[in-house]
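Only this structure's heavy atoms are used, side chains among them; waters, hydrogens and symmetry mates stay out. Since this is a predicted model, take the numbers as computed values, not measurements. In what follows, chains are A, B, ... by sequence order, proteins preceding strands, each numbered from 1.
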Amino acid sequence: MLGLNLPVVIVLAAVGGVLAWRRANTLTWLLYTWVALWAFFKYGFAVPIPRSVATIYLGITGLALVCFASSSRERLSETVQPIARLILEPRYRLALAGLLVALPALAAYNVYADLNVPLEAPGFGREVHPPPPTEMTVHDETVDMATAENPYLHYNHDDPELYGEHLENGRRVYYENCFWCHGDGMGGDGMFAHGLNPVPSNFNDVGTLPILQSSFVHWRIAKGAPGLPGAGTPWDSMMPAWEKFLTTEEMWDVNLFIYDFNGYEPRALGQH
Amino acid sequence: MATLAAAVLLVALPAGGQVDLGTEEQRAAGKIVYDKYCGQCHGDTGDGNGYATPRVKPKPRDFTTGTYKFRTTPNGMLPTDDDLRRVIEIGAPYTSMPGWPNLTSAEIQNVIYYIKSFSPDFENPDRYGEPIEIPRPLESTEESIARGRVVYEEQGCAACHGEVGRGDGPSAPTLVNDKGDPIKVADLTQRWTYRGGATKEDIYRTFSTGLNGTPMPSYADSLEIEDRQHLVNYVYSLGDGDDPNYGTLITAVYSEEPIDLEDGETLDALFETAPMTRFPLVGQISEPGRNFFPSVTSIEAQAVYNRDEIAFRVRWHDLRADTSGRNSPSLEVPMWDEDNGIGAEAADDGGDDFFGDAGGDDFFGEFGGEEAPAEDDFFGDSGGDDFFGDGGDDFFGAADAGPPGAEFSDAVALQFPASLAPEETPELKPYFLYGDSQNPVDLWFVNLTYGVADTFRGRGSESIEPTEADIVEAVTSYDQGEWTVTYKRRRSSRAGVSFAEQQYTPVAFSVWDGFNRERGNKRALSSWFYVYTEPSVQPATTFPIVRAAVIVLVLELLVVFLVRRRARRQAAGEEAAGGTLAATEAPAV
């Protein structure tokens, strides 16, 4: 779900819960926030986020925490007092010595690790659902994106038999054309998916079809990757422009089918 | 429940006769699952003729025949429910048969009952065999592997699988399954592509029980158990690891040496120092000329550079070298051929037209009669012919006559953007598919018939022109099922991309297998990846590490010193002032 590594997220949340229950002091919270964030970036995602991005976030968070700690006299003293005690009180001498060794070692290790990260191909963000054009032409017909809807959707109520025929045709179109990438169960995991970057959309996901209007989906099917604006990195995506292969009816039918298969409905017109 | 029933039956019937067809309700529940998830490939009536069938290879199993590949039961027998469950849960890798991890155990059992109802064989106790026992693998010692190698040779595995297991044995191009479809021999070096599973137990099972319906025989009768265990170790040792470890980056290493393509040994030594990355290839299915079942699924690449030149080496496996035909990136592929019969011009209205052969003859005239689409081809089992081109007859003849007479040759291309992305939009690249009108690509194309590199400039699939701005040299070799192509070019280019130090340059790959009639846009290709030219002088690493430690230590000591000094002063002040302020002020270090 959401590409998160759930066990890690749960453990981090649990630690936070324990701290709240034990009424941990401000310093502990500050340290926890930063370390938890670091752990989240490093282990919390199924596909780890780029190191450089994580470093920037952690830097910003660090600054924010310092600001937070020094925002009031009380907080400041709550943060600083334990540190002062560690340094001053003789009974912490051993702990202090340990810390004096551990921190430089950690810093050295971090630099070492930085120098030895396996090189990565540069990664660029992409907008998954960039704004569509206001209108488009598909097979010589102009489609007004604001008002277009799947013309067969209403058969669902009006004429179930006809609806069934369109669905079956959509099923044919899907399994003749789409499953290599989007997968047999539409999980975005077809037999070619491992070779694609960006990966094919997962239609099981609640964050995909249900939040899109059927005209948006029609646009993506008809114009494919080449129809995307620059923010959608059209040069990388293998999503074909299906108007080259399919009739308008077939494109609406497969549109109908991918919604029906997953038990979703397109977002209604006018909803944003 | 099911196992209980099976256990009861097992007691009641003679060994092997575990007929268990489930209840009416179970089969009905199985049908619901099947109709939603399986029928589009295996056919709504279980005959293997679903919508996807003409466009996949291998074909979905025809459940009416009772012939199953992946079984623990002896050759020719029906699979056990557990065998079927295994395939349904994890699928058959690198085929269109996916795993279904989302189905519950009960759903899988129900769909198994339903599948079994397609074939009367499952009612016949004589078709059930006792599952074989799979012993624990022997330790993989050198002796064991050596003994396995001997068995491999004695048993003639190499005739199909090739000397070193790359699927390039002399019979490989001629093999067909029991439906007459050409069948690809497993590449034993790429374990992740084994359809029946890649563990030692799976391998033992595969050649012990054989794969029904395919030329892959059973060796249960001809091999002692111990020899089979050694053979497992040998087959396993051929593999390149469990995981393909697909990468996204070629790291080009710097060398002082000259790069001489003519001097094979020095060249090999030079590439020894460069890391090898494997990239996934998939069929080109975004533009007309679609290739739904590419034969090559991955390519390995590495690069070295010196002061003036850069060299790339790519390697891939191919069951035979096709070096007599023609090929080029822009060779036209008729719509009918690419789609194996289904589909037609986009503007068509659907319906019958799609399946008729309107316009078909013209296209095929050009390529010779054997491709003319017989009506059966569209839906029948023989849709396979296209895969292996001219079909059997020609082939056997050709095999005797020396060079195999494929119409299209093997080929490979590296693709680079014609220029690097501008600084404001570093993410910008040409369209991965031969570029686009604004952002062209350069192709370093090698037709393996000639073994020399030709350069093309691509501005989209419709506009691929030869260029001569840069000279790219290439040497090629084919050895035991593996092509190796080494390219070389000057690092700086007059018209295309230059390879500066520490630069990330997008790169993509295409491979054409002539045997699979791949040409033009019908090819295996990759997404965009990158090549990085490593700095020629590696930065020192000890200094920054020590520096970091020292800086942190100094900071720490400084804090400790300041805190202590302050505390001392305060103590002194307290003594003087009688300690009134200390309680509130002390903490603010």
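Of the atoms belonging to B/I250, not a single heavy atom falls under 4.5 Å from chain A. For B/I551, no part sits under 4.5 Å from any heavy atom of chain A, backbone or side chain. A/P122 touches chain B through backbone and side chain together, each having a heavy atom under 4.5 Å away. Looking at B/T251, the atoms closer than 4.5 Å to chain A (heavy atoms on both sides) all sit in the side chain, from C-beta outward. When heavy atoms are compared at a cutoff of 4.5 Å, B/T425 does not approach chain A at all. For A/T79, no part lies near chain B; criterion is any non-hydrogen pair under 4.5 Å. Contact annotation for A/E120: only backbone heavy atoms (N, CA, C, O) come within less than 4.5 Å of a heavy atom of chain B. The contact between B/P426 and chain A is made by backbone and side chain atoms together, counting heavy-atom distances below 4.5 Å.
Interface remark: of the candidates B/L428, B/L433, B/V554, B/L428 forms the most heavy-atom pairs closer than 4.5 Å to chain A. Residue with the most contacts toward chain B among A/L100, A/V111, A/L103: A/L100 (heavy-atom pairs, distance under 4.5 Å). Comparing B/Y530, B/W528, B/F279, B/Y532 by heavy-atom pairs within less than 4.5 Å of chain A, the highest count is held by B/Y530. The candidate from A/A105, A/A107, A/G123 with the greatest count of non-hydrogen atom pairs under 4.5 Å with chain B is A/A107. Among A/T233, A/N177, A/L99, the residue making the largest number of heavy-atom pairs under 4.5 Å with chain B is A/N177. For the set B/I285, B/T248, B/V56, the count of heavy-atom pairs under 4.5 angstrom toward chain A peaks at B/I285. The choice from A/P226, A/P240, A/G230, A/P104 that makes the most heavy-atom pairs within less than 4.5 Å of chain B is A/P104.
Within a 6.0 Å sphere centred on CD of B/Q538, heavy atoms belonging to other residues, nucleotides or ligands number more than 12. Counting non-hydrogen atoms of other residues, nucleotides and ligands closer than 6.0 Å to CG of A/D140 gives a total of 12 or fewer. The local environment of CZ in B/R564 is crowded, with over 12 non-hydrogen atoms from other residues, nucleotides or ligands closer than 6.0 Å. Taking a 6.0 Å sphere around CZ of A/F124, one finds it holds more than 12 heavy atoms contributed by other residues, nucleotides or ligands. Heavy atoms from other residues, nucleotides or ligands lying under 6.0 Å from CG of A/L94 number 12 at most.
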Could you walk me through whether B/K36 and A/F261 pass the side-chain contact (heavy atoms from CB on, under 4.5 Å) check? CA-CA 8 Å; B/K36 175 148 185 179; A/F261 186 91; 3.5 Å; yes
Working for salt bridge (Lys or Arg N to Asp or Glu O under 4.0 Å), residues B/D44 and A/R171: CA-CA 12 Å; B/D44 291 336; A/R171 180 169 176 246; 3.4 Å; yes
Starting from the C-alpha separation in whole Å, work towards a yes-or-no answer on side-chain contact (heavy atoms from CB on, under 4.5 Å) for B/S527 and A/M238. CA-CA 8 Å; B/S527 315; A/M238 286 202 192; 3.6 Å; yes
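The shortest side-chain heavy-atom distance between A/L88 and B/R566 does not fall under the 4.5 Å cut-off. Side-chain contact between A/D184 and B/W100: present, with at least one pair of heavy atoms (C-beta onward) separated by less than 4.5 Å. Two residues are said to be in side-chain contact when any heavy atoms from C-beta on lie closer than 4.5 Å; B/P288 and A/K244 meet this criterion. With a 4.5 Å cut-off on side-chain heavy atoms, B/Y504 and A/L119 count as touching. Residues A/I83 and B/V563 form no side-chain contact, since every pair of their non-hydrogen atoms from C-beta on lies 4.5 Å or further apart. Under the 4.5 Å side-chain criterion, counting only non-hydrogen atoms from C-beta, A/L115 is in contact with B/I545. Put simply, the side chain of B/Y94 reaches to within 4.5 Å of the side chain of A/H194, judged on heavy atoms. Side-chain contact between B/P544 and A/Y112 is absent, with no heavy atoms from C-beta onward closer than 4.5 Å.
If you look at B/F432 and A/W235, their ring centroids are not closer than 6.0 Å.
B/Y51 and A/E168 share a donor-acceptor pair across their side chains, judged by distance under 3.5 Å alone.
The OG atom of B/S286 sits 7.5 Å away from the CG atom of A/L196 when rounded to the nearest 0.5 Å.
With a 6.0 Å cutoff to the six-membered ring centre and a 45° limit on the axis angle, B/R55 does not count as a cation-pi contact of A/F179.
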